[in-house]
Amino acid sequence: MLAKLSPEFPELTPSKLRFLEEQQLVSPTRTEAGYRKFSAGDVERLRIILTLQREHSLRLKVIKHYLDELEAGRTPALLADAPLAASMLATDRRYTRAELVREAGATPALLTDAISASLIAAGETFGDDALQVLRALVELQRSGIEPRHLRGFRAAAERELGLIESALIPVARRNDPSSRAKAAELAREIAGQLEIVRSSLIRSALGRLQS
């Protein structure tokens with residue numbers, strides 16, 4: 001399982017795989033000797049789980065509900081968002097610098113500015129997340145907002161990371177594989193709650209602007 005998925009999801013570790021099993025996200029069969037046996041269906045299920053976590057930062061209970069709905073033959077609510085549904089079921093494509101610029105409808109200069117402003121991580125290739133950010137920057141540029149105007153976003157993200165790290169200290173101190181996996185899931189949950197607060201503050205500010 002790790003050999004099949006680690007190239008695509010390098011964050012997948014034996015401890016995380018065990019944690020996902022503990023949370024009943026995946027249920028491999030067992031041999032008489034107690035070894036886990038993963039089927040092709042388990043591989044695809046894990047690919048969906050890991051994609052949802054990486055690309056959309058969804059919590060495990062939300063992902064489990066989605067998968068349970070699928071297995072029950074119902075249409076999960078997430079499928080109402082076609083682009084989201086498509087990206088959940090697809091593997092993360094990698095783009096060269098030229099491909100990323102072309103797919104986003106951007107210019108090489110805009111990508112360079114985005115990397116300089118720490119909005120996109122530098123690298124030889126880029127993922128779908130970088131593509132979404134660059135597309136957003138193309139639209140923002142049309143309104144006169146340049147990457148240099150968004151440098152504060154990186155600082156804000158670092159401050160939020162500090163809050164998350166502080167909250168994880170009690171779990172991280174246990175320093176065992178299961179606790180590390182639980183800490184990673186808790187980090188996603190906290191990040192999701194922070195995103196709710198941030199979105200609410202922006203909507204409130206927009207409301208005052210419109211009034």
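Since we're looking at a predicted model, the values are computed, not measured.
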Taking all non-hydrogen atoms of both residues into account, name the closest pair between Leu134 and Val101 and its distance. CD2-CA, 4.3 Å

What verdict does the side-chain contact (heavy atoms from CB on, under 4.5 Å) test give for Leu137 and Ile145, after you've listed the backbone C-alpha separation in whole Å, the side-chain angles of each residue and the deciding distance to 0.1 Å? CA-CA 8 Å; Leu137 292 174; Ile145 299 175; over 6 Å; no

Side-chain donor/acceptor of Ser6 to backbone N/O of Pro10, under 3.5 Å: no

Using a cut-off of 6.0 Å, state whether more than 12 heavy atoms not belonging to Glu158 lie near its atom CD. yes

Could you tell me if the side chain of Lys61 sits less than 4.5 Å from the side chain of Gln23, heavy atoms only? no

d(Gln141 CD, Leu110 CG) to nearest 0.5 Å is 4.5 Å

For Ala130 and Phe126, work out which heavy atoms get closest and say how close. CB-CB, 3.8 Å

Nearest heavy-atom approach of Arg151 to Arg148 is CG-O, 3.4 Å

Under a 3.5 Å cutoff, is there a donor and acceptor pairing between the side chains of Ser39 and Asp42? yes

For residues Ser143 and Glu139, is any side-chain donor paired with an opposing acceptor at under 3.5 Å? no

Would you call Arg47 and Glu44 a side-chain contact if the rule is heavy atoms closer than 4.5 Å? yes

Provide the closest heavy-atom pair for Thr125 versus Arg94 in the form atom of the first, atom of the second, distance. O-NH2, 3.2 Å

Output the distance between atom OG1 (Thr13) and atom CZ (Arg18), rounded to the nearest 0.5 Å. 7.5 Å

For Ala117 and Pro147 the tightest heavy-atom approach is CB-O, 3.5 Å

Which atom of Tyr95 lies closest to which atom of Leu100, heavy atoms considered: CB-N, 3.9 Å

Using modelled atom types only, decide if a donor and an acceptor are shared between the side chain of Arg154 and the backbone of Ser118 within a distance under 3.5 Å. yes

Is there a donor-acceptor pair under 3.5 Å between the side chain of Ser166 and the backbone N or O of Gly162? yes

I need the Thr29 OG1 to Tyr35 OH distance, nearest 0.5 Å. 14.5 Å

Between CG of Leu46 and OG1 of Thr51, what distance do you get to the nearest 0.5 Å? 10.0 Å

Got a salt bridge between Glu160 and Arg198, using NZ or NE/NH1/NH2 to carboxylate O under 4.0 Å? yes

Out of Arg45, Arg30, Lys16, which residue meets the salt bridge (Lys or Arg N to Asp or Glu O under 4.0 Å) rule with Glu21? Arg30

Examine Leu161 and Leu150 and state if one hydrophobic cluster contains both, with Ile, Leu, Val, Met, Phe, Trp and Tyr joined whenever side-chain heavy atoms are less than 4.5 Å apart. no

Can you tell me how far the CD1 atom of Ile49 sits from the CG atom of Leu25, to the nearest 0.5 Å? 4.0 Å

Pair Thr112-Arg97, side-chain donor/acceptor within less than 3.5 Å: yes

Consider only side-chain heavy atoms of I, L, V, M, F, W and Y, link residues closer than 4.5 Å, and tell whether Leu163 and Ile190 are in one cluster. no

Check whether any side-chain N or O of Glu99 sits under 3.5 Å from a backbone N or O of Thr96 as a donor-acceptor pair, and report yes or no. yes

Short question: side chain of His149, backbone of Glu146 - any donor-acceptor pair under 3.5 Å? yes

Run the side-chain contact (heavy atoms from CB on, under 4.5 Å) check on Phe19 and Leu60 step by step: do they pass? CA-CA 11 Å; Phe19 177 69; Leu60 287 183; 3.5 Å; yes

Rounded distance (nearest 0.5 Å) linking atom CD of Gln193 with atom CD1 of Ile164: 11.0 Å

